[in-house]
Amino acid sequence: MFDDTIAAIATPLGEGGLAVVRISGAEAFAVADKIFLPSGKSSLKPSTAPTHTIHYGKIVRHGETVDEVLLSVLRAPRTFTREDTVEISCHGGLLPAKLVLDTVLENGARLAESGEFTKRAFLNGRLDLAQAEAVADLIHSRTELALAAANEQLAGKLSQRINQLRDDMMKTLAHVEAHIDFPDEDISPDTKNQLLTRLENGVAFMDELLRTANEGQILRRGIRAAIVGRPNAGKSSLLNQLLGHDRAIVSHIAGTTRDTIEETANIRGLPVVFIDTAGLREGRDEIEVEGIRRSRESLAKAELILHVLDASEPLTGADENYLAEFAAKKRILVRNKTDLPVKLELPPEFHVTRHSSPVTDVSCLNGQGMEALKDAIKNLVWAGKIEAGMLQVMINSRHQEALGRAREATLRTIEALRADLSLEFVALDLHIAVNAVGEIVGKTTTEDLLDSIFSQFCIGK
Ligand SMILES: Nc1nc2c(ncn2[C@@H]2O[C@H](COP(=O)(O)OP(=O)(O)OP(=O)(O)O)[C@@H](O)[C@H]2O)c(=O)[nH]1
Ligand SMILES: [Mg+2]
């Protein structure tokens with residue numbers, strides 16, 4: 001399908017035991033023949049070796065040995081890209097892998113673009129678009145739950161459901177179009193009702209999928225939780241407790257944290273990016289002023305706020321201001337330092353147990369209350385249980401957008417059919433709906449859509 005052969009380092013850049021250079025395309029074996037010197041008597045050139053075999057030898061460039069390698073021969077179509085593929089395992093470290101890659105590139109392959117191997121896998125029919133996206137999700141997943149969801153999607157669970165939906169809609173469309181072709185035959189009330197029922201079932205199914213969107217996005221990107229509060233309230237101590245290691249500097253000096261610190265932790269299966277911030281107050285110097293400006297910036301971008309209050313001190317006017325200021329956000333009030341005598345009195349509205357901001361008592365000194373706080377975080381961002389069935393169909397924002405369009409168009413179809421509008425109108429909207437559903441699995445795509453998806457991949461994937 002493609003006439004050029006691509007190559008890239010498929011492993012992360014940096015030092016490691018091994019690195020893998022991947023070559024894919026019609027010339028993969030020809031390139032490998034030119035640069036690979038097999039060791040041992042019975043060894044074969046890559047182009048004559050059987051498929052799915054591994055060969056020991058050297059990569060040679062201008063007559064000199066570049067590296068000692070293991071070379072895998074993988075013949076189309078049983079490969080990731082469905083093209084002839086060669087994978088060279090060389091020594092890890094930036095230089096060996098780069099020299100091997102350079103040698104490959106000098107001998108007939110070109111450097112792959114980001115995600116180009118996966119793009120070829122898609123265009124050659126090895127994966128559909130939702131599955132290709134799952135490859136990226138898999139690589140980027142930060143918790144086991146996210147990984148499980150990505151694996152389900154890669155296995156085609158979401159695609160099956162989407163294809164089923166699209167098939168049903170296509171059948172309805174065919175039915176409608178048949179009536180357009182024979183205008184003398186009126187659509188009978190019975191048939192019309194059947195069509196309406198099918199369309200309504202389709203909308204119900206879309207709604208079911210759309211409900212998973214929020215959770216799906218949390219699993220993929222994680223949620224951002226800003227830790228805010230007065231200087232010395234124990235924000236950095238809380239970050240360290242939640243991460244389980246000493247990431248941020250803690251000291252009794254007010255204004256210790258200047259810059260924002262971001263770290264991801266696994267909270268009950270959800271990736272949560274915690275952002276420790278500079279304590280909110282009037283800045284004492286230029287650096288603190290900038291720190292506080294950054295705190296406010298992370299506050300604005302956060303989906304969740306952990307407002308840390310020092311329970312060993314009475315509430316101050318500044319605390320009250322911040323309580324009012326973040327009232328509109330999803331937040332948890334963390335009463336810290338409860339190992340000390342408690343002097344903090346929260347305003348009466350926070351005593352109501354149903355108040356939208358849960359209050360959790362903790363001590364960052366001895367770790368008390370951390371498990372309850374983790375539960376509170378999970379409960380606030382994730383409604384209900386995490387069910388295995390949900391993981392199969394966790395849609396992403398692109399799917400959400402396409403399904404939203406499909407839903408609108410299907411609703412218009414239903415309306416047009418009910419109002420006995422000309423069947424051409426009915427078919428027009430249904431076409432739009434079918435195409436939008438098709439976008440999810442890549443049955444209908446544009447070059448721009450593909451570019452935007454595959455550019456998010458790393459090179460070599
Ligand atoms: N007794 C007690 N002391 C705590 C607790 N949590 C934090 N501290 C102490 O409170 C002081 C301030 O803690 P930090 O974590 O640096 O506070 P912070 O909110 O990050 O402060 P800034 O970065 O300066 O805004 C340190 O001396 C901590 O040891 C706690 O639960 N109990
Ligand atoms: Mg701090």
Side-chain angles (χ1 to χ4, degrees), residues 224-265 267 272-327 329-347 350 357-377:
R224 295 175 66 81
I227 306 177
V228 301
R230 270 201 289 137
N232 254 350
K235 299 178 295 300
S236 301
S237 307
L238 182 65
L239 175 78
N240 292 345
Q241 278 285 352
L242 287 166
L243 297 179
H245 63 262
D246 280 344
R247 170 67 180 83
I249 300 174
V250 166
S251 90
H252 64 278
I253 302 164
T256 304
T257 307
R258 298 295 185 93
D259 214 344
T260 47
I261 300 176
E262 289 192 24
E263 285 284 333
T264 308
I267 302 295
V272 180
V273 184
F274 289 106
I275 308 141
D276 181 21
T277 63
L280 296 170
R281 64 169 173 187
E282 285 294 308
R284 304 287 147 108
D285 57 48
E286 222 177 296
I287 302 171
E288 196 173 5
V289 169
E290 174 62 14
I292 292 169
R293 192 192 63 77
R294 291 184 185 194
S295 301
R296 296 217 161 263
E297 211 173 68
S298 357
L299 252 165
K301 278 191 277 178
E303 285 128 315
L304 174 67
I305 288 179
L306 302 183
H307 185 173
V308 184
L309 297 154
D310 185 338
S312 71
E313 287 178 9
L315 201 70
T316 65
D319 286 328
E320 282 188 64
N321 287 343
Y322 300 136
L323 282 177
E325 188 182 335
F326 317 136
K329 283 251 184 187
K330 261 191 195 170
R331 70 170 161 191
I332 297 175
L333 299 183
V334 183
R335 264 197 301 216
N336 186 30
K337 308 198 189 179
T338 50
D339 53 293
L340 300 173
V342 172
K343 301 212 180 100
L344 178 78
E345 268 290 331
L346 282 176
F350 290 98
S357 308
V359 183
T360 313
D361 287 346
V362 302
S363 164
C364 294
L365 203 63
N366 61 25
Q368 235 167 34
M370 281 308 142
E371 297 309 311
L373 177 59
K374 288 178 190 171
D375 285 337
I377 294 172

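Counting convention: from 1, in listed order, for ligands and their atoms alike. Start at 1 with the first residue, then count along the sequence.
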heavy-atom search around atom 21 (O) of ligand 1 in the protein gives N232 N, 2.9 Å
Please tell me if the side chains of S298 and V228 come closer than 4.5 Å, counting only heavy atoms from C-beta onward. no
Charged N to carboxylate O under 4.0 angstrom, R296 versus E325? yes
Just to be sure I read this right, does ligand 1 sit under 4.0 Å from the backbone of L365, its side chain, both, or neither, counting only heavy atoms? both
Can you list everything that forms a side chain to side chain contact (heavy atoms under 4.5 Å, CB included) with E313? Sequence neighbours excluded, please. R230, D310
Of all heavy-atom pairs linking T256 and S251, the shortest is OG1-OG, 2.7 Å
Considering non-hydrogen atoms of the protein only, which is the closest contact for atom 25 (O) of ligand 1, and what is the distance? K235 NZ, 2.8 Å
Are there any protein N/O/S atoms under 2.8 Å from the Mg ion (ligand 2), and if so, which? S236 OG, T257 OG1
Side chain D319, main chain L309, donor-acceptor under 3.5 Å: no
Are any of the N or O atoms of A233 closer than 3.5 Å to those of ligand 1? yes
State whether E297 and R294 are salt-bridged, where the test is any N-O pair (Lys NZ or Arg NE/NH1/NH2 against Asp/Glu carboxylate O) under 4.0 Å. no
Do any nitrogen or oxygen atoms of G255 come within less than 3.5 Å of a nitrogen or oxygen of ligand 1? yes
Quick check on T277 - does any of its heavy atoms sit under 4.0 Å from an atom of ligand 1? no
Of all the atoms in ligand 1, which lie at a distance below 4.0 Å from a heavy atom belonging to L340? 1 (N)
So which heavy atom in the protein is nearest atom 10 (O) of ligand 1, and how far is it from that ligand atom? K337 NZ, 3.1 Å
Quick one: does K337's side chain have a donor or acceptor within less than 3.5 Å of a partner on L365's backbone? no
Of the protein's non-hydrogen atoms, which lies at the shortest distance from atom 31 (O) of ligand 1, and what is that distance? C364 N, 2.8 Å
Taking K374 as the fixed residue, which of T360, V272, I267 is the one that meets the side-chain contact (heavy atoms from CB on, under 4.5 Å) rule? I267
Measure D276 to ligand 1 on non-hydrogen atoms and call it side chain, backbone, both or neither using the 4.0 Å cut-off. neither
Find the distance between CG (L346) and CG (L315) and round it off to the nearest 0.5 Å. 6.5 Å
Near S363, which atoms of ligand 1 are under 4.0 Å from a heavy atom of that residue? 31 (O)
How close does the nearest protein non-hydrogen atom get to atom 6 (N) of ligand 1, and which residue and atom is it? N336 ND2, 3.1 Å
Which option wins on minimum heavy-atom distance to atom 11 (C) of ligand 1: S237, G234, S251? S251
Any luck finding a side-chain donor-acceptor pair between S236 and T257 under 3.5 Å? yes
Among residues at least two apart in sequence or on other chains, which ones pass side chain to side chain contact (heavy atoms under 4.5 Å, CB included) with R281? P231, A254, R284, E288, I292
Report, in ascending order of atom number, the atoms of ligand 1 lying under 4.0 Å from any heavy atom of G279. 25 (O)
Per-residue contact class, A254 against ligand 1 - non-hydrogen pairs under 4.0 Å: backbone
Looking only at heavy atoms, what is the nearest atom pair of F326 and H307, with distance? CD1-ND1, 3.9 Å
Count the heavy atoms of every other residue, nucleotide or ligand shown that sit under 6.0 Å from CD of E303, and state whether that count exceeds 12. yes
Top protein contact for atom 28 (C) of ligand 1, by heavy-atom distance: V250 CG1, 3.6 Å
Are the side chains of L299 and Y322 in contact, using a 4.5 Å heavy-atom criterion? no
for atom 1 (N) of ligand 1, nearest protein heavy atom and its distance come out as D339 OD2, 3.0 Å
Out of T256, N366, N240, I249, who is nearest to atom 24 (O) of ligand 1 when you count heavy atoms only? T256
Side-chain donor-acceptor contacts of residues 243-250 below 3.5 Å, not counting sequence neighbours, with atom names and distances?
unit_1, atom_1, unit_2, atom_2, d
R247, NE, E263, OE2, 2.8

Looking just at side-chain N and O atoms, do N240 and S237 make a donor-acceptor pair shorter than 3.5 Å? no
Can you find an N/O atom of A278 closer than 3.5 Å to an N/O atom of ligand 1? no
Give the atoms of ligand 1, by number and element, whose distance to some non-hydrogen atom of I253 is under 4.0 Å. 24 (O)
